> 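This is the structure, below, for whatever I ask next.
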Amino acid sequence: MSDNNEFKMKTIQHGGRILAAVEKYGIAKEDWLDLSTGLNPNGWTVAAVPDAIWQSLPEECDGLESAACKYYGCATCLPVAGSQVAIQTLPTLRSFSKVAVISPTYAEHEYNWKQAGHDVIQLSVDNVEEHIEQLDVLVVINPNNPTGKIISINKLLSWHQQLSGKGGWLIVDEAFMDVTPEKSLVASGIKPGLIVLRSMGKFFGLAGIRCGFVISDKELLQRMSERLGPWSLTGPTRYIARQALCDQKWQIKSHENLIKSGLRLNKVLNEHGLVPAGGTALFQWLKHPQAKEIYEACAKQGILLRYFEKTTTSKPSLRFGLPANKEQWQKLSDVLIMLSGLINKTENNNETISTYV
Ligand SMILES: Cc1ncc(COP(=O)(O)O)c(C=O)c1O
């Protein structure tokens, strides 16, 4: 049953709206396999939060910042209530700017820069050089969601140098970086004009606590902190996030498991004639002329995927997240077997051409 809060979703649609799928397809919540997000399906397990944490105001010297600095390998960082908050706030910290977002990607960046009145263009990785002289801000999602593409540290540093020299910013959204920490820009040292965003929603699978980090120079973090005001994270969020960031044993095991699962998902899709065009350990991305039909066929069987419409920079596509356990892997295989009868597996440059009967 829908409630009266649909205005909240008036902006951009994301994966993970399982209740809307329950209503649309008439399948009970517990019968869905939700692969529509790129979240770790076996996230960090939250233990009980002490009463005192619920009952007092959040404290800034509770060790969260230092745990995050140690985990991310930086000298200073600002916790935010999800990296989404930083995506919404950064555009308010600049006067009118010419901004480029490497696309296709997580649509919230472009949306929020436009909402704040900036001039925003979409670029592909290959035409950044051509435009960078005219830009004030370049936004890169690394690894990209949903394409999985990773841009090298050297390339990013060269873009940063060109932008920061004239007071510009390079924003690197590393929400999906935890499984490939060696590719993170953080280790290269934080300089003015470089802003890195991290999320605890993906690798840690803690999307519900709403916690992310901004890693940048002190002056920018100070401005953002003032804009966000006091208690921008809840005490329980700070408590849980600090514990997860300190749990190295869990991190090492999950890193290993996610790499295996990512390869397995790629293999399973390939075996069923669906050849991913990219991905990370947490998701696979499939460009397909009939992405919408595959989405619908899976949804009717209780598997929710993330569908991306055709845009000026990309064909229609699907993102597959990771199943959590044996039963879920089996369900995915069973549904893909059923689908393969409908797909004509003629491959064309990594894109499977399908015809439905
Ligand atoms: C690339 C990217 N960045 C940032 C976010 C926001 O994540 P959160 O606010 O949970 O940290 C998302 C959410 O899906 C995302 O895909």
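Counting convention: from 1, in listed order, for ligands and their atoms alike. Small disclaimer: the values here were computed from a predicted structure and weren't measured. Values below: all heavy atoms of this structure, side chains included; hydrogens, waters and symmetry mates excluded. Sequential numbering from 1 along the given sequence is applied to the chain's residues.
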> At less than 4.0 angstrom from any non-hydrogen atom of I87, what atoms of ligand 1 do you find?
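Counting atoms of ligand 1 from 1, those under 4.0 Å from I87 are 4 (C).
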
> Can you list the atoms of ligand 1 that are under 4.0 Å from a heavy atom of F176?
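Once the distances to F176 are compared, the set is 16 (O).
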
> Going by atom types alone, do N154 and S152 pair a side-chain donor with an acceptor below 3.5 Å?
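No, because no side-chain N or O of N154 sits under 3.5 Å from a partner of the opposite role on S152.
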
> Side chain or backbone of T37 under 4.0 Å from ligand 1, or both, or neither, by non-hydrogen atoms?
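For T37, there is no contact with ligand 1 at all, from either part.
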
> Using a cut-off of 6.0 Å, state whether more than 12 heavy atoms not belonging to Q248 lie near its atom CD.
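For Q248, atom CD is not crowded (no more than 12 foreign heavy atoms under 6.0 Å).
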
> For atom 10 (O) of ligand 1, which of M200, H109, R210 has the closest heavy atom?
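Minimum heavy-atom distance to atom 10 (O) of ligand 1 goes to R210.
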
> Give the atoms of ligand 1, by number and element, whose distance to some non-hydrogen atom of I141 is under 4.0 Å.
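Checking each atom against I141, I get 1 (C).
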
> Do other residues, nucleotides or ligands put more than 12 heavy atoms under 6.0 Å from E182 CD?
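Count over threshold, so yes.
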
> Return the closest protein heavy atom for atom 13 (C) of ligand 1 as residue, atom name and distance.
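It is K202 NZ, 2.7 Å.
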
> For the rings on F203 and W250, is their centre-to-centre separation under 6.0 Å?
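Distance test on ring centres: under 6.0 Å, yes.
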
> On the ring face of F96, is R94 found with NZ or CZ under 6.0 Å from the centre and within 45° of the axis?
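No, R94 does not lie over the aromatic ring of F96.
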
> Does G201 come within less than 4.0 angstrom of ligand 1, counting non-hydrogen atoms of the residue?
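No.
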
> Please state which part of S83 comes within less than 4.0 Å of ligand 1, counting heavy atoms only: side chain, backbone, both or neither.
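Contact part for S83 vs ligand 1: both backbone and side chain.
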
> Around atom 16 (O) of ligand 1, find the nearest protein heavy atom and jot down its residue, atom name and distance.
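For atom 16 (O) of ligand 1, the nearest protein heavy atom comes out as N145 ND2, 2.8 Å.
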
> Counting from 1, what ligand 1 atoms have a heavy atom of G82 closer than 4.0 Å?
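Result: 9 (O), 11 (O).
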
> What atoms of ligand 1 come within less than 4.0 Å of a heavy atom belonging to S199?
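This gives 7 (O), 8 (P), 10 (O), 11 (O) as the contact atoms.
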
> So, E108 versus H14: side-chain donor-acceptor pair below 3.5 Å or not?
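Per modelled atom types, E108 and H14 side chains form a pair under 3.5 Å.
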
> Is the ring centre of Y72 less than 6.0 Å from the ring centre of F213?
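Yes - the distance between ring centres of Y72 and F213 falls below the 6.0 Å cut-off.
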
> Indicate yes or no: at least one non-hydrogen side-chain atom of L163 is less than 4.5 angstrom from one of L135.
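In short, these two side chains touch, coming nearer than 4.5 Å.
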
> Kindly identify the option in D173, T105, L197, V85 whose heavy atom sits closest to atom 2 (C) of ligand 1.
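Looking at heavy atoms only, D173 sits closest to atom 2 (C) of ligand 1.
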
